[in-house]
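We're numbering straight along the sequence, starting at 1. When reading the values below, keep in mind they use all heavy atoms of this one structure, side chains included, and skip hydrogens, waters and symmetry mates.
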Amino acid sequence: MLRTANDDLDDDDGGYPPPACGGRRQREPRLRELGISCMLNTEVGAVLAVIRRPADAAVGSIPRASETDSHCSQLLQSLHSLRSIIFHRLRGSWRSTDPAVYLSPFLDVIQSDDVPAAATGVALSAILKVVRLDIFGELTPGAREAIHSVVFAVTNCRLERTDPATEDAVLMRILQVFTAVVRSQASALLTDHAVCTVVNSCFQVVQQSSARSDLLQRSARHAMHELVQAIYSRLPDMRSSDGGPVDSGPEADDNAPHLSYTAQCMVDIFHFLCSLLDVAETAEAADVGVTTEEDVHLFALVLINSAIELGGESIGRHPGLLHIIQDDLFHHLIQYGTRSSPLVLSMMCSTVLNLYHFLRRNLRLQLEAFFVFVLLKISGGSYGSQLQEVAIEGIIGFCRQTTFFMEMYVNYDCDPIRQNVFEEIGNLLCKTAFPTSSPMSSMQLQAFEGLVAVIQNIAEGMEIERAPSRAAYEVDDSEFKPFWLERCDAHKDPESWVEFVMMRKLKKKKVMIAASHYNRDEKKGMDYLKICRLVPNPPEPKSVACFFRYTPVLDKNKIGDYLGDPDEFNIEVLKGFTETFDFAGVILDTALRTFLETFRLPGESQKIQRILEAFSERFYEQQSSDIFASKDAVFILCYSLIMLNTDQHNPQVKKKMTEEEFIRNNRAINGGNDLPREYLSGLFHSISSNAITIFGSNGVIPELNSNLWADLIKRSRAVEPFILCDHKHKLCREVFVSISGSSVATLAAIFEQTDDEDVLQECVEGLISIARIARYGLEDVLDELLSCFSKLTLLLNPYATAEETLSSFTNEVKPRMATLAVFTIANKFGDSIRGGWRNIVDCLLKLKRLKLLPPTLLQKTNGTSDADDDDNIKHSNSESGSGVIFPSSLPGSGSRNVSGLIGRFSQFLSLDIGADSMLNAGSELENNLKIIKQCRIGDIFAESSQLPEESLQNLGRALIFAAAGKGQKFSTPVEEEETVGFCWELVTIITTANLHRFGTFWPHFHDSLTMVSQFPLFSPCPFAEKGIVALLRVAVRLLSEPPRLDRQPEELIFKSINLTWKLDKEIVDARSESVADATMKILSNHSRSVQTALGWKTLLHLLSVTGRHPENFDRGVETLVLLMSDSSLITRSNYAYCIEAAFGFAALKISPLETSSRLLDIMADSIKWLIHWHKSGFSDPDRSNSGMSFEEVTKTGGNFAANLFMKLAEALRKTSLVRREEIRNQAVAALGEVLLEAADELEGRLGSCAACFNLVIFAMVDDLHEKMVEYSRREGMEREMRSMEGTLKMAVEQMVEVYLRFMEKLANGPGFRTFWLGLLRRMDTCMKASLGKRGFRRP
């Protein structure tokens, strides 16, 4: 019947509530009315039946006296009267009927002393049904009086003493009625007093239930919980209040729905709940034996939590509630936190977390105090391992909130006068999680999970749309700005407060450094303050006073000595120091305690006097009462209090001062009058019971006593609001910096020691998240991370053999995960790697020496034809990733995003779990290669074009140094050669991938090559051999690009080639074929791209040197002939080098006669180019600009034709000295022809003819004569001597012919006499030479 009535009543017809199920067909109003009537009739009958039951039928009932019969008859009459009207046809709707009509009979029963307990229970049941069915509502006439009469009757319920079970049943029914009343529609008509009465009565039942059945106790607590939920669920709908009574309903119409009870009752209830947390009051309750302390605290916290969860942010609109939370609640939580049980502490953490979510804007100082004085203290381990674990769990709960880390950093770590809350939490998690044993304890695992959660939240916060530049983190600190007590008024504007907090954080860091300096040396500390612009220059007393007041790590002895100094500036600082205290409304002993806790009072009496005088003046100025007549009275009483403190708490004082003596000692100090006796008595008892802490400890967090708490509450009223932050912010980088070192070390240690796969996976996720953060300007962190990972791969263990390393890599999970992580970081975050490239390269080379890299990792070009090689080089980037296999097969893998990054490690772990099946499917080598393939090593170098210049420079330096043997250990020469070659191949790959910016990064590569030669124990072989080949390949690729105006790249690469060549002159002979191939390729296919003198000199020199080898000779000659046959390729910058190369080939013993003769003809014909350049004004054909070396310019002074002619003549002269007669003779003849032709065309540019004779013709004759004489003195050299004789004769004839051609010019010269004597002397020498039968005869 009850269920039917409750479900079918409807508000639309008759004012009843709608049915529970919207889809059910509603009953007619007549039927609903009938249902209510039947219910009331049933309840009246039940009550009558119980009352009429004989006395002996009720178990435990007391027989009623005859004088009570009249009262019972009245109750029966009222019940009969109700029954008579229930089904009366003239009765109106129950909804419009005065509730007193059908409630009064039942209320009279429960208030009667003459009815049995069973009747009371049945009457309560009837009232419960009426209230639950909402038969009357807010608009029902008489509803207000009816609902209050129910509350009054139930709270004054008279219960006949009977058996405990019956009594418990009645009490449970009372609790149900209370709950139904507060949840009913008519509850809006309750007054504040009525609501508080209901709650208070329910709590009394809770207290009584502790001595009764467990069921009643649980029901009572549950009812209390429901009451709090029902009451505080209305708080969000109430308008804001100022702490007084609030009527949140409209005032226009008395008949309109409105709320009678206001937020004031919620304030009173909340204050009552907070009082349950008071340790002293709870201890008194425990002495009575009502319940245990822990149960009361836990129960109170559950109710407080419910109120906060339902009230939410609306609590902040009611100052009364907010003030209780700020003061009473947090005070109890902090006071009792360190002494609570684990269960209560856990509930405290949940309560504060809820307050953080809803009210943190108003709880800035309170939240800091809870962290500093409770969670961080307990987490240190000094309060037991159980509490420590709960505290850490509570901290982790905060850390899982996405905005927590940012808001802690901004509001506390960046505030100069606040604790570094986030930094201390991060370091605490690192310290706790650091593995000291294996397996890790549950507390270590919790701290580890919290640390990873913090790091991942920071990493997600760094994923902002536009990465900030380095300039975004720069702070202008060029001038002094006040910062100690500055407020951020624009805390709702992110662009305003970010710069503000960054500046304060910078100042805070410098303040900590200044404090460290000051503690060691006061003068250096003050100088540092001025240098860092923490105080103005010259210093201002107020700034120095703030430094002493708000810097927690300062030596308090030094502060006291400074403040007590008689210097004028020190006195001003002391005045400014006292002005930082607010003593308004504070009694003297509390103010004195607060003041003396900030420094140590010096021992010198004069200093003490100055300090107390300043304090007395400040205290007197801020007192609103008329207790003190002057500041002198305050000063005297302060001295008296300090003396009393010493007397009462010094164990050496045997006879303690009494209250009367203290009052007598302070007579007539207040301007000749006495201070109030009550005031002095209060001071005496306060000092006697609680000593003043005169000597403070440095750097130690004090206990939060009542003085500190009162000061905190006072400051909280004026402190700037809590800044709310979005977790996606550029400051995430700065947040992580404070815990970067400890977090990397902790996660690396956990990875190294744990064997749990879940922990390993989470550890890798944390480390990768650190890499995601570090790529935003934290290169040193990323390098440190790579260093840790590289060690964990076990590849770099110098004490392990190759077999041991290979075995570890094959059989253990962690080395392979670390290897995968190293190369994953290199792939995804290579743009931020600096020194870490060295570790990556070392791991890569170790993998190669272990033969864990596939043979085709680098597609070498050895053995391919010129065309194929050139084609491979041109298309290396687009087709094969610069010779690297394993190009990414996934779309978009070339991007630098990190989506799906962790999935690779999850997949790796899942594969590793099935290691047995993998081993069955293939060999260990194949399985290792699968892991290496996941590393995508090739992409690191193939995509190096995306690396910034600094990262690319570090990568190249690492490869070059590794090729030079730095940090490498080779077991065999073959292994060394392979490793060096591999490094140079990688250098070639990254260089060819970055040719578009060759000029910017290669100078650093060249500097690295220069440093290589300075390494201790450096061996140029095979470094130089592999290096010159690789550099020539780079030159081929560089010169294959379209010609460019910028000659710097070409100059740089040939400079490096020459540098490498100088390391070992024999390397060209050792690698002649490879060098020759590259050189000939450039000269044959890309000669038009060579624009510098250094380039031509290097190429033609290499061509000459490599051409000495028979296998390269023919190709070298052909290359040179093709070059010199094309007049468009010969310029003033390469002419001399071409002539030298031609001479080198022509003079070789292995050169066939026809080849040498051909080269001499080409050399002789080249005089035409000189003549052409001379006539065209020394402009190169088809060139707008020709390269020219510096030494050529300085040597010739701009006379290019004369200089180049001398190069040609000198080459022919040297050719005239070769052993083959035909070549010598042709060279002599060619020299003569060249000289004669030059005389006709270049006469004006040849300079001194005498000099030409001296350097060329005379030198040739002298050398030939000397050679002939040398042959004549050797046995068996007659044939060579005769051959040389013929060449000498030709040389003399050429000398005479040329002399005759230049005779006129020579005769007119100033040195003709000397020249003529030289000519005659040589002719005479040749004629007088003893040449045998076929020699010249003397005249």
Supply the atom-to-atom distance Met347 CE to Leu345 CG, rounded to the nearest 0.5 angstrom.
-> 11.0 Å
Does any non-hydrogen side-chain atom of Phe373 lie less than 4.5 Å from one of Gln335?
-> no
Leu355 side chain near Ile308 side chain, heavy-atom distance below 4.5 Å | yes
How long is the span from the OG1 atom in Thr155 to the CD1 atom in Ile110, to the nearest 0.5 Å?
-> 8.5 Å
Evaluate the side-chain contact (heavy atoms from CB on, under 4.5 Å) criterion for residues Leu724 and Thr403: first the C-alpha distance (whole Å), next the side-chain angles of each, then the deciding distance (0.1 Å), finally the verdict.
-> CA-CA 8 Å; Leu724 303 181; Thr403 61; over 6 Å; no
Decide whether Thr351 and Asn305 meet the rule of one side-chain donor and one side-chain acceptor closer than 3.5 Å.
-> yes
Plane angle bin for Phe203 and Phe272 - parallel if under 30°, tilted between 30 and 60°, otherwise perpendicular | perpendicular
Which distance, rounded to the nearest 0.5 Å, do you find between the CD of Gln74 and the CG of Leu76?
-> 10.0 Å
Examine Arg339 relative to Tyr336 and say whether NZ or CZ is less than 6.0 Å from the centre of the six-membered ring and inside a 45° cone about the ring axis.
-> no
Residue pair Asp268 / Asp192, side-chain heavy-atom distance below 4.5 Å | no
Do the side chain of Ser125 and the main chain of Gly121 share a donor and acceptor less than 3.5 angstrom apart?
-> no
Looking only at atom types and distance, does a side-chain atom of Gln229 sit under 3.5 Å from a main-chain N or O of Ser306, one as donor and one as acceptor?
-> no
Would you say Asp134's side chain and Gln185's backbone share a donor-acceptor pair under 3.5 angstrom?
-> yes
May I ask you to decide if Val109's main-chain N or O and Ser112's side chain share a donor-acceptor pair within less than 3.5 Å?
-> no
Spacing of His193 atom NE2 and Tyr261 atom OH [to the nearest 0.5 Å] = 15.5 Å
Any idea which heavy atoms bring Asp98 and Gly142 closest together, and the distance?
-> OD1-CA, 3.8 Å
Validation row: Arg173, Gln176 side chains within 4.5 angstrom (heavy atoms) = yes
Would you say the side chain of Leu48 lies within less than 4.5 Å of the side chain of Arg83, judging by non-hydrogen atoms?
-> yes
Under 3.5 Å, side chain of His271 to main-chain N/O of Gly320, donor-acceptor pair present?
-> no
Non-hydrogen atoms of Arg144 and Leu189 that approach each other most closely = NH1-O, 3.3 Å
Start with the C-alpha gap between Glu167 and Arg212, add the side-chain angles, then the distance that decides, and say whether side-chain contact (heavy atoms from CB on, under 4.5 Å) holds.
-> CA-CA 10 Å; Glu167 293 177 357; Arg212 292 180 175 270; 3.1 Å; yes
Going through the checks in order, is the side-chain contact (heavy atoms from CB on, under 4.5 Å) test met by Leu363 and Tyr356?
-> CA-CA 8 Å; Leu363 301 174; Tyr356 166 79; over 6 Å; no
Side-chain (Gln111) to main-chain (Asn156) donor-acceptor, under 3.5 angstrom = no
Donor-acceptor pair, Ser346 side chain versus Pro342 backbone, under 3.5 Å?
-> no
Please name the pair of heavy atoms, one in Ser314 and one in Leu235, separated by the smallest distance, quoted to 0.1 Å.
-> OG-CG, 3.7 Å
Which heavy-atom pair separates Ala369 from Ile334 by the least distance, and what is that distance?
-> CB-CD1, 3.6 Å
Side chains of Phe106 and Leu82 in contact at under 4.5 Å (non-hydrogen atoms) | yes
Closest approach of Ser210 and Gln207, non-hydrogen atoms and distance?
-> OG-O, 2.7 Å
Should we say atom NE2 of His357 is surrounded by more than 12 heavy atoms from elsewhere, each under 6.0 Å from it?
-> yes
CD of Gln366 to CG of Leu712, rounded to nearest 0.5 Å, is 5.5 Å
Heavy-atom count around His80 NE2 within 6.0 Å, excluding the residue itself: above 12?
-> yes
Report yes if the side chains of Thr140 and Pro99 come closer than 4.5 Å at any heavy-atom pair, otherwise no.
-> yes
Is there a side-chain contact (heavy atoms from CB on, under 4.5 Å) between Ile304 and Cys274 once you walk through the steps?
-> CA-CA 8 Å; Ile304 290 172; Cys274 291; 4.3 Å; yes
Specify the closest pair of heavy atoms between Ala307 and Ile315, including all atoms of both residues, with the distance to one decimal.
-> O-CD1, 4.2 Å
Do Phe370 and Leu375 come within less than 4.5 Å of each other through their side chains, counting heavy atoms only?
-> yes
Counting distance only, does the side-chain N/O of Ser104 pair as donor-acceptor with the main-chain N or O of Val101 below 3.5 Å?
-> no
Give, for atom CZ of Phe270 and atom CG of Leu329, the distance between the pair rounded to the nearest 0.5 Å.
-> 5.0 Å
Above 12 or not: heavy atoms from other molecules or residues under 6.0 Å from CD of Gln204?
-> yes
